[in-house]
Amino acid sequence: MKKLADRTFWWIELFAGLGFMTVGFFQDCSLTFGTAIISSALWPTLFLSAAVCVYRLLHFKTYSKSRGFWLIAALCVTYLLSTFLNRQYGWYENIRTLIMQGILFLMVYCYKESRSAEDIRKRRVWIGFYLSVCAVLTVMSFAYMLLGKNEIFYPETPEMPLYYTGFYWGRLYGVYWDPNIGALMCCVSLLLAIGIFSKNHNIILRIAMGCLVVLDVMYITFSDSRACRIALTIGVAVCAVLYTVKSRRRGVTVLLAVVAVVASVALPTAIKTVYNNSVAVMEKKETVSASSSAKPSSAAKPSAEPDATKVTIRPKETNAADISNRRIDIWKSAIEIFKEKPVFGVGHNTVLAYVEAEQEDSYLINNDHMHFSSMHNAFFDILVAQGAVGLLLYLALAVWCIIAVFKNWKQISMQLQGIAPAYLAVLAAMVCASCFMSEILYVCSPMSFMFWMALGALMQTVKKEEGEHYDMQIRRAGELAVLR
């Protein structure tokens with residue numbers, strides 16, 4: 001009976017995770033952003049997730065042994081306290097965010113100390129789903145660019161962003177409403193693909209992962225996301241170092257690692273330069289051809305194509321005077337809010353209500369672009385939402401996890417084998433990107449799902465005692481054996 005119950009809830013956990021990522025994909029895709037289809041996916045997901053959370057709460061003693069559990073619980077409690085203290089600015093949206101974040105913690109991060117093959121199979125399906133959907137969206141993005149399907153979607157409220165499909169302002173949006181989000185999604189996809197490729201000897205799967213890496217690099221290049229190019233370099237560097245340390249063929253591996261890191265920096269720049277030069281040559285030929293075929297008496301007509309839809313990747317930053325693209329002003333506003341509410345913050349979804357009531361001259365609501373409810377930095381997001389208490393708890397959790405991983409890396413790499421460096425690379429890339437974007441916390445995105453899944457997988461292999469018994473099937477085969 002117990003086996004049947006465990007098996008049933010394994011399937012529920014599996015589909016709840018798939019549903020959570022589906023909701024995130026719908027929110028990140030410009031074709032479904034803000035549409036009713038999100039609610040259609042959200043409610044079944046919430047129902048399944050609630051069942052998972054109830055089941056895990058019934059086994060609270062087991063799951064509360066997850067590393068950092070009480071720090072995460074304290075983060076949730078301080079979030080709730082911040083919501084209560086700032087209830088005059090609103091509370092409903094904050095509670096919704098807390099529920100989604102609580103589900104992410106309890107369902108994706110928390111684990112049983114005794115790792116089983118079932119946990120690996122579940123992660124295998126989640127990773128496969130993530131890679132597949134990301135590949136489809138990225139292929140669609142390039143299809144939109146090649147077909148010239150460039151559209152503008154105007155916001156209904158000041159809080160909503162202006163977004164595009166296709167290729168606009170020298171950046172590939174494609175079917176992502178924000179090219180930075182699309183680029184980060186591809187960055188995580190690329191790192192996971194490297195992990196699967198590195199230790200899997202199935203030729204077909206290796207070819208598929210290689211093609212996926214190429215596709216992801218191309219989108220990151222054409223999106224021209226500087227934050228994600230930095231995150232990509234950090235992630236590839238982490239992978240390179242960890243694979244080099246583990247390899248017995250040290251000389252060859254070091255050479256390949258150096259080539260990989262250099263390629264992660266130079267390849268996007270090279271592709272961008274070659275592409276822009278090719279477009280410039282083609283445009284020059286078209287201009288010469290048009291001028292030679294035109295009648296001598298006819299006046300030259302200006303191009304009807306606006307600068308916004310030119311097909312060259314932006315050669316330099318649009319706003320050269322502000323290299324941060326408004327972020328520095330947003331971060332200054334975050335510090336101003338922190339000075340007024342330093343302990344517990346102003347709540348996550350009540351930032352705009354607070355500044356409209358208390359800081360009417362704030363840059364967040366006084367600019368020529370939009371009303372910024374996000375700080376475009378995960379650390380400033382926490383500082384504003386939950387104050388110094390929340391940020392200290394988050395940093396304590398981060399430091400604890402970093403120490404646990406590096407102190408037990410030999411043990412972790414033995415258990416997870418080839419996918420372990422990729423998991424750590426995903427964490428490093430996500431943290432790096434979160435210095436310029438709002439990710440990891442307070443969001444329902446596929447990337448944050450992968451972050452907490454990877455962190456949970458790493459923490460699950462950190463045992464309290466070195467001599468503790470492991471599942472021998474997993475020890476012999478390793479994490480990637482089930483990924484084949």
Side-chain angles (χ1 to χ4, degrees), residues 75 78-79 81-94 96-98 101 155-163 169 177-181 184 225-228 230-231 317-395 398 430-445 448:
L75 263 173
T78 55
Y79 182 96
L81 181 59
S82 175
T83 299
F84 175 77
L85 294 175
N86 296 282
R87 61 193 182 279
Q88 67 270 32
Y89 306 114
W91 58 271
Y92 176 71
E93 292 296 329
N94 281 335
R96 284 183 58 181
T97 300
L98 178 61
Q101 197 66 56
E156 297 178 0
T157 63
E159 294 79 16
M160 292 283 289
L162 176 72
Y163 61 98
W169 298 115
W177 70 266
D178 184 343
N180 293 317
I181 289 176
L184 181 58
S225 172
R226 294 171 300 164
C228 291
I230 296 171
E317 181 56 39
T318 308
N319 185 5
D322 181 12
I323 194 171
S324 71
N325 197 17
R326 303 175 186 271
R327 287 182 176 86
I328 291 177
D329 289 319
I330 295 172
W331 297 341
K332 287 179 180 177
S333 298
I335 294 172
E336 291 170 2
I337 295 172
F338 170 69
K339 288 179 180 179
E340 295 296 324
K341 293 276 190 173
V343 182
F344 292 109
V346 299
H348 175 61
N349 292 297
T350 47
V351 173
L352 287 179
Y354 173 81
V355 296
E356 287 170 357
E358 309 294 339
Q359 297 182 356
E360 295 181 359
D361 59 343
S362 172
Y363 178 81
L364 299 179
I365 56 175
N366 291 282
N367 60 80
D368 59 357
H369 186 58
M370 61 178 288
H371 287 184
F372 292 102
S373 59
S374 162
M375 301 301 112
H376 289 261
N377 179 295
F379 301 97
F380 278 119
D381 278 330
I382 299 168
L383 192 66
V384 167
Q386 296 179 246
V389 173
L391 184 60
L392 288 174
L393 286 171
Y394 181 73
L395 293 176
M430 286 285 291
V431 171
C432 176
S434 293
C435 294
F436 311 98
M437 303 167 60
S438 294
E439 273 294 340
I440 300 178
L441 283 178
Y442 311 138
V443 292
C444 173
S445 76
S448 65

Kindly indicate whether the side chain of [X], heavy atoms from C-beta on, has any atom under 4.5 Å from the side chain of [Y].
X	Y	value
Asn366	Glu360	no
Leu98	Thr83	no
Phe436	Asn325	no

Q. Residues two or more places apart in sequence or in another chain: which of them pass side-chain hydrogen bond (donor to acceptor under 3.5 Å, both in side chains) with Thr78?
A.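 Here the qualifying residues are Gln386.
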
Pairwise distance [atom1]([X]) to [atom2]([Y]) - rounded to 0.5 angstrom:
X	Y	atom1	atom2	answer
Ser434	Ile382	OG	CD1	9.0 Å
Phe380	Cys435	CZ	SG	10.0 Å
Ser445	Met437	OG	CE	8.5 Å
Ser438	Phe372	OG	CZ	11.0 Å

Can you name the nearest heavy-atom pair linking [X] to [Y], along with the distance?
X	Y	answer
Ile365	Leu352	CG2-CD2, 3.8 Å
Ile330	Ser374	CG2-O, 3.8 Å
Asn180	Cys228	O-SG, 3.4 Å
Met430	Ser448	CE-N, 3.9 Å

Q | Side-chain H-bond candidate by donor/acceptor type, Tyr79 with Gln101, under 3.5 Å | A |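 No donor-acceptor contact under 3.5 Å links the two side chains.
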
Q. Okay, side chain of Asp381, backbone of Met375: is any donor-acceptor separation there less than 3.5 Å?
A.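 Yes, the answer is positive, given that a donor and an acceptor are paired below the 3.5 Å cut-off.
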
(Q) Applying the side-chain hydrogen bond (donor to acceptor under 3.5 Å, both in side chains) criterion to Tyr363, which one of Arg326, Glu336, Lys332 satisfies it? (A)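 That would be Arg326.
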
(Q) Using a 6.0 Å cut-off, check whether atom CH2 of Trp331 has over 12 heavy atoms from anything other than its own residue. (A)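 For Trp331, atom CH2 is crowded (more than 12 foreign heavy atoms under 6.0 Å).
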
Could you tabulate the donor-acceptor pairs under 3.5 Å formed by side-chain atoms of residues 337-351, not counting sequence neighbours?
from: Asn349; atom 1: ND2; to: Glu93; atom 2: O; distance (Å): 3.0
from: Asn349; atom 1: ND2; to: Asn94; atom 2: OD1; distance (Å): 3.3
from: Asn349; atom 1: ND2; to: Thr97; atom 2: OG1; distance (Å): 2.7
from: Thr350; atom 1: OG1; to: Val346; atom 2: O; distance (Å): 2.5

